[in-house]
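One structure is given below, encoded as structure tokens.
Just so we're clear, the structure is a prediction, and the values are computed from it rather than from any experiment.
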Amino acid sequence: MDKLLHFINGEFVPSENGRFFENINPATGEVLSLVAEGGRAEVDRAVRAARAAFKTWGRMPVAKRSQILNRLADLIEQHLDELARLETLDTGKPLSLSKSLDIPRAAYNFRFFADYVKGLGTEAYATDDIALNYAVRHPVGVAGLISPWNLPLLLLTWKVAPCLAAGNTCVMKPAELTPTTATKLAELAKEAGLPDGVLNLVHGFGPDSAGAALVEHPDVNLISLTGETTTGKAVMAAAAPTLKRLSFELGGKNPNIVFADADLDDCIETTIRSSFANQGEVCLCGSRIYVERPLYDEFVSRLAARTRQLVVGDPFDPKTDVGALISEEHLLRVEGFIERAVRDGARILVGGKRPSHLSRGYYLEPTIIVDVAPHCEIVEQEVFGPVVTVQPFDTEDEVVAMANDTHYGLSATIWTTNLKRAHRVAAQIEAGVIWVNTWFLRDLRTPFGGMKQSGIGREGGMHSFEFYTELSNVCIKL
Ligand code: NAD
Ligand code: 6OD
């Protein structure tokens, strides 16, 4: 049985107490590997290594840091097949998705920030002929990077790449359900020539475990967390005594708004993706679909027909569209939402049950729910599975109000061929990321993050560097 260890100061090490936990393959329920279970002791060792490495990494010429990170991007690309296989084993997502999205984006995250950092500038002001002011940008120090299980390497490297490019060092705490590609990343980072201690990895759980120890550690300067909104609240409280800098990318319950003038072919195909890609386990999924009434019946019948064609099954089969959910516990949670929705009077139009042809693994048929009552749980809570609701609307004002009637504010999609309406509605939607006639089309320079309880701060391009650096102003009397 494979054993996954922590990576501290350039070496793979077990926990001091020798404890391991099981890593399960969600497509089969079988144990994939044993993972070292870290706690305070391992976090403390990792933070000390990161602090020591910060002295040199933070002062290394930017071009040299950038070269090492580009080499790491090369290595990720060279290991595409292996990394994609490992990501699929851990998550249950289709191999085609790991190969086309997760791993290429992980490599690109490093390439993008390694290049972007070379152009970073600051401000300078002449105060008449009295003084010259200029700002100097510094890395912040040691970062704790805590990531979720849904896009494991993509979202971890979305943090690691700008963090290291800016000259910080880090301790990564990947989700306990998906520890494997983070471990491989540590191995590749060493091969790329990253100095010991710059990137450290501690495996383990969140509350009362490695995650909490990292958040509470007095020598960690910043925490970047992607996870549930409830986790963000706990982390914020735990980080208060040491006043850490925080960046949160949290949950979403994103509206997908379809006006009657939408290009329906494009809209249906994209809505299939925005509803069920990665088993609906993407924070950006448009799980609340609102359709203008004249189009409602046609939209629902076409979406239902297309959903019934989706192939659910073995993530390694190239024909598979929808793989397994991350865990048995999560499958039961998603099924609980469906059961309660039906109890509240909603109707399951498609799916709603485990596929009968699969005897093991945590699979669920892609599910469309209609006839939902306003304010019922299924339209208010994040399900994070292959489950969408569809509701009709009559006016623009009504749908804007419905879309904003949530404490989340991560993303939204608007489907219309009326340009004026697209601008008008986009301006009123309370979400950090808004797509018009598309979904999950990314440009890494743009601000990414959530409003309301979907997050704090923005990442991407300069926004990431605002978080991972700080400024001091130098004022010289002339
Ligand atoms: P989670 O909040 O359960 O866990 C995320 C990470 O936080 C894990 O590494 C976990 O161990 C750690 N953690 C949990 N409690 C902690 C604590 N008290 N202290 C320190 N660390 C702690 O989330 P998840 O189930 O892994 O991921 C799914 C959630 O993430 C969904 O809500 C989804 O919307 C959200 N998400 C958001 C984005 C975004 O960009 N906004 C992206 C992906 C996922
Ligand atoms: O594309 C990104 O940069 C990003 N952070 C995506 C998040 C997806 C959430 O599951």
Side-chain angles (χ1 to χ4, degrees), residues 26-29 91-94 96-97 150 252-256 258 264 267-291 295-315 317 319-373 376-392 413 439-440:
T28 62
T91 57
K93 72 175 72 196
S96 55
L97 193 63
N150 64 323
K253 185 71 185 175
N254 311 304
N256 179 5
V258 183
L264 197 54
C267 174
I268 293 288
E269 276 317 299
T270 306
T271 295
I272 287 290
R273 272 198 316 118
S274 68
S275 304
F276 305 124
N278 206 49
Q279 302 71 244
E281 296 165 332
V282 180
C283 60
L284 306 163
C285 276
S287 53
R288 290 184 289 148
I289 306 176
Y290 298 109
V291 186
L295 189 65
Y296 181 80
D297 288 342
E298 185 183 356
F299 177 94
V300 166
S301 94
R302 284 187 60 177
L303 188 72
R306 187 67 188 84
T307 301
R308 288 189 189 99
Q309 291 169 352
L310 295 175
V311 177
V312 184
D314 176 5
D317 185 333
K319 291 199 262 335
T320 292
D321 299 301
V322 178
L325 271 63
I326 189 68
S327 65
E328 183 170 28
E329 186 189 349
H330 189 56
L331 173 60
L332 289 167
R333 184 171 176 273
V334 173
E335 287 177 324
F337 276 109
I338 298 172
E339 277 163 34
R340 290 189 296 279
V342 171
R343 215 172 51 208
D344 288 346
R347 182 163 61 89
I348 298 175
L349 185 69
V350 180
K353 45 188 198 321
R354 300 182 188 194
S356 52
H357 67 287
L358 296 164
S359 57
R360 58 180 192 162
Y362 313 130
Y363 295 94
L364 184 68
E365 291 174 350
T367 300
I368 302 176
I369 299 182
V370 293
D371 301 341
V372 290
C376 65
E377 182 196 58
I378 196 76
V379 289
E380 293 198 334
Q381 302 289 320
E382 182 184 46
V383 175
F384 218 57
V387 180
V388 293
T389 56
V390 194
Q391 293 170 267
T413 296
W439 178 73
F440 208 167

_I326 and N150, any side-chain heavy atoms less than 4.5 Å apart_ = no
*Close side-chain approach of E281 to L325, heavy-atom, < 4.5 Å*: yes
*Could you list the residues that satisfy salt bridge (charged side-chain N to carboxylate O under 4.0 Å, His left out) with R308, not counting sequence neighbours?*
none
_For the student: nearest non-hydrogen atoms of C376 and A373, plus distance_ = SG-O, 3.1 Å
*Do V370 and T389 come within less than 4.5 Å of each other through their side chains, counting heavy atoms only?*
no
*With sequence neighbours excluded, give me every ring-ring contact (aromatic ring centres under 6.0 Å, His included) pair touching residues 346-371.*
none
*Roughly how far, to the nearest 0.5 Å, is the CG atom of D321 from the OG atom of S96?*
8.0 Å
*Residue pair C285 / A277: nearest heavy atoms and the distance that separates them*: SG-O, 4.2 Å
*Go through the steps to decide whether F276 and T367 satisfy the test side-chain contact (heavy atoms from CB on, under 4.5 Å), and finish with yes or no.*
CA-CA 9 Å; F276 305 124; T367 300; 5.7 Å; no
*By salt bridge (charged side-chain N to carboxylate O under 4.0 Å, His left out), which residues pair with R340, not counting sequence neighbours?*
E377
*Check whether any side-chain heavy atom of S274 sits under 4.5 Å from a side-chain heavy atom of F440, and report yes or no.*
no
*By side-chain hydrogen bond (donor to acceptor under 3.5 Å, both in side chains), which residues pair with R273, not counting sequence neighbours?*
none
*Check: W439 main-chain N/O paired with T270 side-chain donor or acceptor under 3.5 Å*: no
*side chain to side chain contact (heavy atoms under 4.5 Å, CB included) partners for A346, two or more places apart*: A341, I369, V372
_Any residue meeting side chain to side chain contact (heavy atoms under 4.5 Å, CB included) with E382, in chain and number order, not counting sequence neighbours_ = F384, Y408
_Quick check for you: to the nearest 0.5 Å, what is the distance between N256 atom CG and R288 atom CZ?_
10.5 Å
*Can you tell me how far NZ of K319 sits from CG of L310, rounded to the nearest 0.5 angstrom?*
15.0 Å
*asked:* Looking at R306 and E269, is any side-chain nitrogen of the basic one under 4.0 Å from a carboxylate oxygen of the acidic one?
replied: yes
*Residues which pass side-chain hydrogen bond (donor to acceptor under 3.5 Å, both in side chains) with E328, listed by chain and number, not counting sequence neighbours*: none
_To check you understand the geometry: which heavy-atom pair defines the closest contact between Y290 and P255, and what is its length?_
CE1-CB, 3.9 Å
*Mind checking the CD1-CZ spacing from I338 to R333? Nearest 0.5 Å is all I need.*
12.0 Å
*Partners of D344 by salt bridge (charged side-chain N to carboxylate O under 4.0 Å, His left out), sequence neighbours excluded?*
none
*L97 versus N278: any side-chain heavy-atom pair under 4.5 Å?*
yes
_My understanding is that only residues two or more places apart in sequence, or in another chain, count here; which of them pass salt bridge (charged side-chain N to carboxylate O under 4.0 Å, His left out) with R360?_
E30
*If a pair satisfies ring-ring contact (aromatic ring centres under 6.0 Å, His included) and one of its residues is in residues 321-353, list it, with sequence neighbours excluded.*
W149-H330
_Show the nearest heavy-atom pair for residues V350 and A304, with the distance to one decimal._
CG2-CB, 3.6 Å
_Looking at every non-hydrogen atom in both residues, tell me the closest pair between T307 and P366 and how far apart they are._
CG2-CB, 3.7 Å
*asked:* Are L358 and V312 packed together at the side-chain level, in the sense that at least one heavy-atom pair is separated by less than 4.5 angstrom?
replied: yes
*Please name all residues satisfying side chain to side chain contact (heavy atoms under 4.5 Å, CB included) with R302, sequence neighbours left out, ordered by chain then number.*
L264, D265, I268, E298
*Set of residues satisfying side chain to side chain contact (heavy atoms under 4.5 Å, CB included) with respect to S275, sequence neighbours excluded*: T271, I289, V388
*Can you see which heavy atom on K93 is nearest to which on P315, and at what distance?*
O-CB, 3.2 Å
*Qualifying residue, where the test is side chain to side chain contact (heavy atoms under 4.5 Å, CB included) with V258 and the options are V291, L303, T413*: V291
*asked:* Does atom CD (E329) have a neighbourhood of more than 12 heavy atoms from anything else shown, all under 6.0 Å?
replied: no
*Could you tell me whether R354 and E335 have a side-chain N and a carboxylate O separated by less than 4.0 Å?*
yes
*Does some side-chain heavy atom of L349 sit less than 4.5 Å from a side-chain heavy atom of R347?*
yes
_Approximate separation, where rounding is to 0.5 Å, of K253 NZ and Q381 CD_ = 8.0 Å
